[in-house]
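Here is the naming used below: chain letters follow the sequence lines, and residue numbers restart at 1 for every chain. Note that the coordinates shown come from a computational prediction; the quantities given were computed from them, not determined experimentally.
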Amino acid sequence: MPHLLEVHNLTTAFTGDYGTHTTVDHIDFYVDQGEVVCIVGESGCGKSVTSLSIMGLLGRGGAVTDGSVFFAGKNILSMTEQELDRIRGNELTMIFQDPLTSLNPLFTIGNQITESIRAHTDLTRKEAKERAVDLLAQVGMPEAQEAMKKYPHTLSGGMRQRAMIAMALSCDPKLLIADEPTTALDVTIQAQIMGLLNQLRRERNMSMILITHDIGLVANMADRVLVMYAGQIIEEGNADELFANPRHPYTKALLNTVPSIRDSADRKLQAIPGMVPERYDDIAGCRFADRCPHRTGACDGPQLLYSFGKGQAARCVVAANGHDRGETP
Amino acid sequence: MNREAMTPLIEVVDLKKYYPVRGGIIPHTTGWVRAVDGVSFSVMRAQTLGLVGESGCGKSTIGRQLVGLESPTEGSIFYDGRDLAALQKKPEEMRQIRTKLQMIFQDPYSSLNPRKHIYEILAQPMLYHGISQKDTVRRDIRKLLNMVGLPETVLGRYPHEFSGGQRQRIGIAKALSLNPEFIVCDEPVSALDVSIQAQILNLLKELQKELKLTLLFVGHGLGAVNYVSDRIAVMYLGRIVEYGDARDIFVHPAHPYTQALLDAVPIPDPGEKDKPRRLLEGEIGSNINPPAGCRFHPRCPYALPLCRTQEPQMQKIPSGKTALAAGEHYAACPYCSNIKEKE
């Protein structure tokens, strides 16, 4: 069966006053029907740019310079704006970290959801309105009928995010990209929203790409995980496998650096020395090498994604060699 | 645990902070935001108290009151046995005490003057308070930078030239420069990337041990709070609902709010993906008109009719199975011991 979304060699560059920077560097991945894929990484690693490239929302200065994105068998990078508009917001939708900046402050919630339904279907105004109320009720908005008349600024952060989800789901999308959907929310509200997304996607057999930096959320939601660092995927695999047996030193360090509420008093967090390189597109070898405790001479050359079986792969020559000899670095 | 550790450096008694709400055609005070509404706790010497709760619960306001950035509406704060309110009338003593109470902010960028380079930012307060003299200040600053893990070359640079983690190190150096005894850390790692968070948390822990600092750690990242805290106070709508030994609370939360709060935190282990969780319904209420009785009752799964009318008092919880030496554990819920039995 073909994948729902197939991304090949996706490369995105931004051009500004300081020249051109490649921020996403030859990314390959796929998403199957009904699957949750998490993209995890720190700020500036290119995880959001990846999703904006797929959606064609890069904005000024940004351009996809190489690669292809096949959604339901069609290359969406070669589509015209009109063709893209038929898919975007319809079969392929996105929700963002801050719903206040993605909702129009001058229109009511009801107005905005109804508009997006009417843009993609041929429902009448009245039918669209009924559907909007129904959607708001599905996302757990109290008094959905009343909420239709409210403006975004009168809603709390959690309720705004529910309105955004209602809008995103209005046309029964096949794939939802959620870019840090709960980062701005309190932890009890985050649990509500993630529970809601999980329930809705199961009911609709919808696929989801969840972009986050929260390792806890990844463990909770993901079927498969992509770990990004400095514009590259440095490790990918099934969630269970990746958490149990991380292969790339960065993934290992990332899992060890997160404090948990289950920690005992004597746990010492393992800090990753140094910081994420700001300009990484001219680093020839492994981009993590400067911070890596296992650095060898082999790390100075370009790194490939080495397979470790069971769908797991890591961009680390040291881990790959150790694996061949049956060791872990 | 030695004797010294068991004496409080900071004692807070029935602290309140109300902000007026103004409105009407002729603007007048129409109500009060009860940001902090009757809070008492103490912070032991050389220990860390973690203050947790969701946004709007009043935890940052308490931190700001403790270092004197806000004055209490009611209640008192004792520093080393001395009432800070009474000291307001003695400016000279107050000036000395202020150097002992310092703060580290969430966003160090907005607390560093963008027009001054790091040397000026660090040197000025030290010279003003006479901590250091003109001929020794450079040496003292070098020592500070060494402590927080920054190279000496940063001194001639401006705040915008640094990354978030480095800026937070500068913020910590600034707080340490006046030899404080007590530091309020207001969400010091919330704005940082995970790999940098661990660096800063470890640095804070090391410095605390080395300099015998007393810390109030305000945060909503419960993992980080668990990592640094000896004791914990959980806040909801301006009140403390649970208070006690950190490990005891994290392992055996007594108050229904604390239980729900901990259940909402995603655990970084895919094996716990499908574990049942007690999720809260609804949202945090308003602190202009807080609910009568127990403030948590509209969201509480165990609420009884009495909870709607009677304000619960703090009461001692028999310590959990991990009863520690400092295992004093209190919760403001008359029924939580019953809830425990039911499960």
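Contact of A/V218 with chain B is not made at all, since no heavy-atom distance falls under 4.5 Å. Looking at B/L201, only its side chain comes within 4.5 Å of chain A, counting heavy atoms on both sides. Only the backbone of B/D269 comes within contact range of chain A, judged by heavy atoms closer than 4.5 Å. The parts of A/I261 that come within reach of chain B are both its backbone and its side chain, each placing non-hydrogen atoms under 4.5 angstrom from that chain. With a 4.5 angstrom heavy-atom cutoff, B/S55 touches chain A via backbone and side-chain atoms both. Looking at A/N256, there are no atoms closer than 4.5 Å to chain B (heavy atoms on both sides), in backbone or side chain. For B/E281, the part sitting under 4.5 Å from any heavy atom of chain A is the backbone (N, CA, C, O) and nothing else. Only the side chain of A/Q190 comes within contact range of chain B, judged by heavy atoms closer than 4.5 Å.
In this structure, OG on A/S260 lies 7.5 Å from CG on B/N226, to the nearest 0.5 angstrom.
No other option in B/N202, B/L280, B/I200 has as many heavy-atom pairs under 4.5 Å with chain A as B/N202. Looking only at heavy-atom pairs under 4.5 Å with chain B, the residue among A/V276, A/D263, A/N198 that has the most is A/D263. Ranked by heavy-atom pairs shorter than 4.5 Å toward chain B, the options A/I215, A/N220, A/L185 are led by A/N220.
Near-neighbour residues of residues 137-157 of chain A relative to chain B, defined by a heavy atom under 4.5 Å from a heavy atom of that chain, comprise A/S156. Contacts between residues 200-211 of chain A and chain B, counted as heavy-atom pairs separated by less than 4.5 Å, involve A/R202.
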Without placing hydrogens or testing angles, list every side-chain donor-acceptor pair under 3.5 Å for residues 221-229 of chain A, not counting sequence neighbours.
residue	atom	partner	partner atom	Å
A/D223	OD2	A/V36	N	2.8
A/R224	NE	A/E35	OE2	2.8
A/R224	NH2	A/Y30	O	2.6
A/R224	NH2	A/E35	OE1	3.1
A/Y229	OH	A/R291	NH1	3.2

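Under the 4.5 Å side-chain criterion, counting only non-hydrogen atoms from C-beta, B/V194 is in contact with A/E42. Two residues are said to be in side-chain contact when any heavy atoms from C-beta on lie closer than 4.5 Å; B/I196 and A/M275 meet this criterion.
When all heavy atoms of B/A264 and A/A191 are compared, the closest pair comes out as CB-CB, 3.7 Å. Nearest approach of B/I267 to A/A219, heavy atoms of both residues: O-CB, 3.5 Å.
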Is there a side-chain contact (heavy atoms from CB on, under 4.5 Å) between A/T188 and B/R299? Walk through the geometry before answering. CA-CA 11 Å; A/T188 60; B/R299 302 173 79 188; 3.6 Å; yes

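Applying the ring-ring contact (aromatic ring centres under 6.0 Å, His included) rule to B/F217 yields no partners; only residues at least two apart in sequence or on another chain are considered.
B/Q199 places a side-chain N or O within 3.5 Å of a backbone atom of A/G274 that can act as its donor or acceptor partner.
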